[in-house]
2 protein chains.
Amino acid sequence: MGLKDQSTEAKILNAAKEVFMKFGLYGARMQDIADLAGINKALLHYYFRNKEKLFNAVFESALEKYFQQVTVMGDTSMSVEERLFKYVDNVFDFFEEYPQMTMFIIKEVSINPELFKQKVSKLKENKPFVVPMLQQAIDNKEIAEMDPIVFIVNLHSMCAYPFLGAPLFRGMMKNNGYDWDQVKKEKIKDAVKEFISFKLNRKDV
Amino acid sequence: MGLKDQSTEAKILNAAKEVFMKFGLYGARMQDIADLAGINKALLHYYFRNKEKLFNAVFESALEKYFQQVTVMGDTSMSVEERLFKYVDNVFDFFEEYPQMTMFIIKEVSINPELFKQKVSKLKENKPFVVPMLQQAIDNKEIAEMDPIVFIVNLHSMCAYPFLGAPLFRGMMKNNGYDWDQVKKEKIKDAVKEFISFKLNRKDV
DNA sequence: ACAGAATTTAACCATTTGGTTAAACTATAA
DNA sequence: TTATAGTTTAACCAAATGGTTAAATTCTGT
């Protein structure tokens, strides 16, 4: 590609991201993407030969961003608890910025599981995943006994679902006089951290 | 409608449910629904005049089933903890049977928030929602102090996300030699119940 | 048996959709 | 200036898609 053509290609990718995330591969319309990018269809096909290629570009970028931000946990100088707190902060920041991305990835992988096999393999390789860190801390008696997989899934659930289910929660709470996005921002994260402390420090097993 | 024509209409609805849940309103193809139901397009339009009407039938039925099963909690003869355990059992059963339904409802409401306003109002009216029960138990000092909304959202997150994110979890765990659906079935529910006990019984606040 | 309703089908139709083409415009480097 | 590569557009095209029509078949009660 050229040098200063940042603009048009970026506009296309941003528009495509928005439309694909909302409607998925089959539901998305190339015309809508072109309109949103402020160009016409032919130019769209000039940059990305077809729908599939454009979708792949969007999906890969989404997946990369997702795994990049959702596996970061601070450095080894911190305690396990601090690192998990940091992890939660990262996950929340990510969902705040890209609330639809998780849903998008899940949906598309669910429709076409091949996507996962093809795209994720290369990403996960060199990532310091959370589970080994926990297992090591457990072995060292730094933290309480637990199943690290179950724990990390619980943790991730408590972070992710408030954003995924936001359209429902918003509707349900509005009727009861609550503002869901307010509750989410102010209270959920604290509750998650409380859960972490509980699980790491409990003495009985 | 007729009397014994259960069959065709039911076949259509089942097929439509499957296709709409997978691809959403815009992504779904009427031809695919007809094929899956084993009939042709014209018959499809004979039963449901158009795509929108068919979608509404599916969506309403999904929403109804969802709220029906996800608000049931056993009777008042049980303790709060028992009722919440029962609630978790119900939620798990529901997700086991209709793993895609939550995602479907969230997605469609997210695309068209009007859907929620229109369809949910009538359903939520006469349902004994979880929050008031908790608030009352807190007031009576039966259970520990807590924010019932945050609690119920945490709880629901821990139940729902393992099913919603299953396509991702499956992929990620398979590489590490775990079987996600096994883990989910055997361990997650127990962890959720443990969480309930922790929150209800803790003395420090 | 038979009239009328419900059910089913094949053949169509108009619009939408993904994609192409060829021509025009713009920057740029020699 | 001018040849060249990169960029943009309007006009098209074939296939897919939602939807219709009219005729044929099956079911129903009388």
Side-chain angles (χ1 to χ4, degrees), chain A residues 1-62 104 107-108 111-112 114-115 118, chain B residues 1-62 104 107-108 111-112 114-115 118:
Chain A
M1 309 292 151
L3 288 159
K4 64 187 232 275
D5 56 335
Q6 186 86 358
S7 175
T8 298
E9 193 174 337
K11 272 192 298 182
I12 291 177
L13 277 173
N14 286 334
K17 198 180 294 181
E18 195 171 326
V19 175
F20 276 128
M21 292 224 202
K22 199 162 179 184
F23 298 105
L25 171 55
Y26 296 103
R29 299 289 122 95
M30 294 296 269
Q31 187 63 61
D32 291 349
I33 295 173
D35 290 350
L36 194 62
I39 57 170
N40 72 10
K41 247 182 353 176
L43 186 54
L44 196 63
H45 285 82
Y46 172 75
Y47 277 88
F48 298 88
R49 198 170 315 292
N50 56 38
K51 195 182 187 183
E52 198 194 343
K53 286 210 167 52
L54 179 55
F55 175 83
N56 272 333
V58 168
F59 185 80
E60 272 172 33
S61 135
F104 170 65
K107 253 280 148 186
E108 297 304 322
I111 289 173
N112 175 14
E114 287 303 310
L115 272 181
Q118 289 164 12
Chain B
M1 308 293 151
L3 287 159
K4 66 185 233 277
D5 55 336
Q6 186 87 355
S7 177
T8 298
E9 193 175 337
K11 274 192 297 182
I12 292 177
L13 278 173
N14 286 335
K17 198 181 293 183
E18 195 171 327
V19 175
F20 277 128
M21 292 223 198
K22 198 162 180 182
F23 299 104
L25 172 56
Y26 296 103
R29 299 288 122 94
M30 294 297 267
Q31 187 63 63
D32 291 348
I33 295 173
D35 290 350
L36 194 62
I39 57 169
N40 71 12
K41 247 184 352 178
L43 186 54
L44 196 63
H45 284 82
Y46 172 76
Y47 277 90
F48 299 87
R49 198 168 314 292
N50 55 39
K51 195 182 188 183
E52 198 194 343
K53 286 211 168 51
L54 179 54
F55 175 83
N56 273 332
V58 169
F59 185 79
E60 272 172 34
S61 136
F104 170 65
K107 253 280 148 187
E108 298 302 323
I111 288 173
N112 176 13
E114 287 304 310
L115 272 181
Q118 289 165 12

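Naming convention: chains lettered A, B, ... in sequence-line order (proteins, then strands); numbering from 1 in each chain. Excluded from the calculations below are hydrogen atoms, water molecules and symmetry mates; all remaining heavy atoms, backbone and side chain alike, are included. The shown structure was predicted, so the numbers you read here are calculated from the model rather than taken from an experiment.
Residue B:Glu9 contributes atom CD, which lies 11 Å from atom P of C:dT8 at whole-angstrom precision. Distance, A:His45 NE2 to D:dT8 C1': 15 Å, rounded to whole Å. The interatomic distance linking B:Arg29 (CZ) with C:dT16 (P) rounds to 14 Å, in whole Å. At whole-Å resolution of the value, CZ in A:Phe48 and P in C:dG18 are 16 Å apart. What separates CG of B:Asn40 from P of C:dT9 is a distance of 5 Å, to the nearest Å. Counting to the nearest Å, the P atom of C:dC13 and the CG atom of B:Asn50 are 22 Å from each other. If you measure from atom CE of B:Met30 to atom C1' of D:dA15, you get 19 Å, rounded to the nearest angstrom. In this structure, B:Tyr46 places its OH atom 12 Å from C1' of D:dT26, rounding to the nearest Å.
A donor-acceptor pair is defined here as one N or O able to donate and one able to accept, closer than 3.5 Å; no such pair exists between the side chain of B:Asp35 and the backbone of B:Gly38. Side chain of A:Lys22 to main chain of B:Lys107: no donor-acceptor pair is present (N/O by atom type, distance under 3.5 Å, no hydrogens or angles).
In summary, the side chains of B:Asn14 and B:Glu18 do not present any donor paired with an acceptor at a separation below 3.5 Å, with no hydrogens or angles considered.
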Would you sort out whether B:Phe55 and B:Phe20 count as a ring pair (Phe, Tyr, Trp, His ring centres under 6.0 Å), showing the intermediate values?
-> CA-CA 7 Å; B:Phe55 175 83; B:Phe20 277 128; 5.2 Å; yes
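In the set D:dT20, C:dG18, D:dT9, the nucleotide with an atom closest to the side chain of A:Lys41 is C:dG18.
For A:Tyr47, a side-chain nitrogen or oxygen approaches OP1 or OP2 of D:dT8 to under 4.0 Å. The side chain of B:Thr8 contributes an N or O atom lying less than 4.0 Å from OP1 or OP2 of C:dT8.
Summary of the strand contacts: A:Leu43 and B:Ala42 both lie near DNA chain D, and taking for each the nucleotide with the nearest heavy atom, the more 5' one is attributed to A:Leu43. DNA chain C is contacted by both A:Leu25 and B:Ile39; B:Ile39 maps to the nucleotide lying nearer its 5′ end (nearest heavy atom per residue).
Looking at heavy-atom distances under 4.0 Å, A:Ala28 makes contact with sugar-phosphate atoms alone, never a base.
No donor-acceptor contact under 3.5 Å links the side chain of A:Lys51 to the base of C:dG19.
Closest heavy-atom contact between A:Met30 and A:Leu44: O-CD2, 3.4 Å.
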